[in-house]
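Since the model is a prediction, treat every value here as computed from it, not as a measurement. The figures that follow rest on heavy atoms only: side chains count, while hydrogens, waters and symmetry mates do not. Just so we're on the same page: letters track the sequence lines, and every chain starts at 1.
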Amino acid sequence: MSKDNPTLIESSTFPRHVIAEIQRAAKTGIYDIRGFGAKRDIPTFDDLVFLGASTSRYPLEGYREKCTTEVVLGNRFAKNPIHLKTPVTIAGMSFGSLSAQAKESLGRGATLAGTSTTTGDGGMTPEERGHSKTLVYQYLPSRYGMNPDDLRRADAIEIVLGQGAKPGGGGMLLGQKISPRVAEMRNLPEGIDQRSACRHPDWTGPDDLEIKIQELREITNWEKPIYVKVGATRVFYDVTLAVKAGADVVVVDGMQGGTAATQDVFIEHVGIPTLPAVRMAVEALQEMDMHRKVQLIVSGGIRSGADVAKALALGADAVSIGTAALIALGDQSPEFDDEYKAIGSAAGFWDDYQAGNDPAGITTQDPELAKRLDPILGGRRLANYINVLTLELQTLARACGKSHVHNLEPEDMVALTMEAAAMAGVPLAGTSWIPGKNGM
Amino acid sequence: MTAINLNESSVRELNEKLQSGSSGDQFSVNNTVGKHALSVGLTSEINVEINGHVGYYCAGMNQQANIVINGNAGPGLAENMMSGEVRVTGNASQYAAATAHGGLLVIEGDASSRCGISMKGVNIVVGGNIGHMSAFMAQSGCLVVCGDAGDALGDSVYEAKIYVRGEVKSLGTDCIEKEMRDEHKKELKELLKQSNMNHKVEDFRRYGSARKLYNFDIDQVDEY
Amino acid sequence: MCGIVGLFIKNPALESELGALVAPMLSEMTERGPDSAGMAVYRDPNDKGCKVTVLSQKLDFDWASFEKAVNSHFSLNKFTVTQNHAVLSLDNSLSEVEHWLASNWTDLSVTSAGTNIEIFKGKGNPADFIKQFDIKNMTGTHALGHTRMATESAITTEHSHPFSTGQDLCLVHNGSLSNHNRLRETLKRAGVQFKTDNDSEVAAGYLSWRLSEGDDLDEALNHAIEDLDGFYTFAIGTKDGFAVMRDPIGCKPAIMAETDDWAAMSSEYRAIATLPGAENARIWEPEPTQIYSWKRS
């Protein structure tokens, strides 16, 4: 019902934003492209809660009684596994989709917090390598900027099959963000709309992937951990195949995972939520007896230390943050609300990363806007945020009696809804029922 | 000359030796039996002679080295090569010189499908024919084909230049025949000379991007 | 995802070495397919009657009693047990035998039927398969082998390739079909039976359905190009030879080679490299949608 005219009823099938989208499509003849991740309401980690200490389980004291958060990633085959102080890492985001200042902020912040950052679809910038103590280098279908020198400078290599926002889709960067520097890095004409491949150019299938991984190891002297990243779809099979193909680490990105640009229909209607994705990935690893031997990083809508704790409790070794990291840097900040309004949006709603006119200076190549982000301040803010996530994680782990965050287990949680119980494989609170597993 | 026998040495040992070679060193590699990832990630101007057929990704990410394969090559030959020269006397399987940024790849026989896919500056000269979807999303560099080209040549091509002497079975989206001007003839002549291909520039035609897909236009929607 | 191999002996003097030649080929494909292996061998023809290979999921199956039962109902001229398989050579009509097996021996599944073909399916590492089934000592005219890396269905013996598509016919597949679920339902309605949820079994079922509708092999394969969606390299075994075909996109690898003594195909050259005379063989890659075949004259 409308506030102004109480007799008006809005349709659930055709609410105003759907009407607006149909009208926009009719006007322009092009699909809606936007950034950010899936916005619609889906089961998330919010629907799980921890069973804290009780008469039978004892919590740990803060400070004296340690709750360690260190994580080692990639010790299956690589000579130099990655050592992190916290299980929170920064997900792959490209220079091109983000400004140089934003990439620098991420590097500085991650380094302060003792964790890794990841390059994106444009390749590695010298600033990024310079500012990031631990840098994961993405190996994508586009291969923009790919070269052996950067492979050797990287600390780990992440072969990307897909991402949660668009499993099966390739990278996208529109003309307004193909600045001279971006164009040069990607070997494209300036100002054009980048078209990207959705499959890797020189291998198809896990049988070929195995050979590709061998090649990358040969080029980098078997030193670097090889990650394989997939958008969450057929997670059980994908994780199994990644392990069989020789991955050291598997990264699974749920549908809430963000993107800088893709079709809205892709974001909202392809891929599954992070909640079931974690459980299925862990099941696959356990079935092959590879849990903790091949590490699992999950991403897609990680927001607080509670999300981190729940992901770890379900069996992940670490998580990645993307959208949350940008918000920590200043994305969606209320201080830009007037400017967001001037470009048709509002603080908290902004998702036109593809447009390149970001008032926060993060998802833009416009030098005037990008200047607004002070990388040192941005780095500090990100480090603060990661530290909060880590402290929150420890608080919850201690409350469950764990001296290492990896000792969190699914049995430490119950679900508040049936969907979450079924997806996470955790009983509905107050019952011992896991829909689909026991009973029915 | 250092001879490496793959019956006795592992692929790891081979690559380690080659990757630590110095400019001017000569190597020969024998008993290849279709093994993968041979002679990858080289970084200096060494000369490698590979005797036998090789598997996937031979000469992958090559920098500066001169590599000759006396035999056939599997998929992904010289993928992502940065510089240097790779020559194969036989045929090459799919994805030859995929995403390569520089250097010269010469295939004396035929290349399979997706030759030069997503190429980013490499020059490729093929003495025989090439398969379908070659030069798919080719961004820059030159692909010279002395024989025929298969279906969908240059589909979604950016700025790469394609020269074909024989027949083109069909052109890909946004790829059209273009005028051969003096600068193109000069470039082609130089490539043919470098690769020892004895053909006349006049026998070739040039293909490249129509540039209609550079910015989305609703009237081009059928191309997608 | 997988590795496939096929070997067709042209020079009769080499028939006694079929197994010795194809075993190393299969072994080279282990990394592509570590989960399970299978092989179809064409040998010891029974032109007067039929040959059936059966498989028992139970390792302690009472083959002696089974042999006795077969003997009492049919004219059994040879009965050979290997691991959990038995090859029966009978001087009876195939339909009688198949009907009797289906009605009385539901614990056994028929892996192949015809006059020449024998299909063995293993679970686990290909090296074990080669050893357990003594592949190296097999003789015959041609063989197709497969090593499997399971993608979307389980790892069981029944899921291993080759899949039999009809008398003396079999299929090995490298790739992944994207419309096999609906196609399976359509084929079921047409009377085709399936034992697994495997996409390759659907391809095999499709071909045998087309053949039963009156297509010859070439026509069936051409229909397959229209009706099957996805990525595939197929190698098909027939009584007299074998055929190879790739899908229109042609991304899954395939390589073929031929000398005066043999014709071979594989997913990777290194399998072919094990054959005598490989260095001087004519080597080429099959063009998408083109059917390549060899037949004994």
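- When A:Asp208, A:Leu174, A:Leu216 are compared by the number of non-hydrogen pairs under 4.5 Å with chain B, A:Asp208 comes out ahead.
- For chain A, the nearby part of B:His101 is the side chain; its heavy atoms alone come within less than 4.5 Å.
- The two residues B:Ala37 and A:Glu218 come nearest to each other via the heavy atoms CB-CG, 4.2 Å.
- Taking a 6.0 Å sphere around NZ of B:Lys169, one finds it holds 12 or fewer heavy atoms contributed by other residues, nucleotides or ligands.
- The parts of A:Pro148 that come within reach of chain B are both its backbone and its side chain, each placing non-hydrogen atoms under 4.5 angstrom from that chain.
- Among A:Thr220, A:Leu151, A:Asp149, the residue with the largest count of heavy-atom pairs under 4.5 Å with chain B is A:Asp149.
- A donor atom on one side chain and an acceptor atom on the other are not found under 3.5 Å apart for A:Tyr144 and B:Ser118.
- Heavy-atom minimum distance, B:Tyr158 versus A:Pro189: CD2-CD, 4.3 Å.
- Chain A is approached within less than 4.5 Å, heavy atom to heavy atom, by B:Glu79, B:Asn80, B:Met82 from residues 67-93 of chain B, ordered by number.
- Contact annotation for B:Ser140: both backbone and side-chain heavy atoms come within less than 4.5 Å of a heavy atom of chain A.
- The two atoms that bring A:Ile219 and B:Gly60 nearest to each other are CD1-O, 4.1 Å, heavy atoms only.
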Applying side-chain contact (heavy atoms from CB on, under 4.5 Å), run through B:Gln94 and A:Asp202 and close with a yes or a no.
-> CA-CA 8 Å; B:Gln94 25 182 7; A:Asp202 60 355; over 6 Å; no
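- At distances below 3.5 Å, not a single donor-acceptor pair connects side-chain atoms of B:Tyr57 with backbone N or O atoms of A:Gln214.
- At a 4.5 Å heavy-atom cutoff, the contact between A:Arg152 and chain B is made by side-chain atoms alone.
- We find the CD-OH distance between A:Glu210 and B:Tyr56 to be 10.5 Å, quoted to the nearest 0.5 Å.
- The closest donor-acceptor contact from the side chain of A:Arg195 to the backbone of B:Ser156 lies under 3.5 Å.
- With a threshold of 4.5 angstrom between heavy atoms, B:Arg114 approaches chain A through side-chain atoms but not through N, CA, C or O.
- Distance CE/B:Met137 to OG/A:Ser196: 6.5 Å, rounded to 0.5 Å.
- Once rounded to the nearest 0.5 Å, the distance linking CD1 of B:Ile117 with CZ of A:Arg199 reads 7.5 Å.
- Contact tally against chain B (heavy-atom pairs below 4.5 Å) for A:Asn187, A:Asn147, A:Ile192: the top residue is A:Asn187.
- Residues of residues 16-29 of chain B lying under 4.5 angstrom from chain A, judged on non-hydrogen atoms, are B:Glu16, B:Gln19 by number.
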Kindly indicate, with the supporting measurements, whether the criterion side-chain contact (heavy atoms from CB on, under 4.5 Å) is fulfilled by A:Thr204 and B:Tyr95.
-> CA-CA 11 Å; A:Thr204 322; B:Tyr95 327 125; 3.2 Å; yes
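- Contacts with chain A were tallied for B:Gln139, B:Arg211, B:Glu159; B:Gln139 has the most, counting heavy-atom pairs under 4.5 Å.
- With rounding to the nearest 0.5 Å, the separation of CH2 in A:Trp222 from CG in B:Asn15 is 11.0 Å.
- Taking NE2 from B:His36 and NZ from A:Lys212, the interatomic distance works out to 12.5 Å, rounded to the nearest 0.5 Å.
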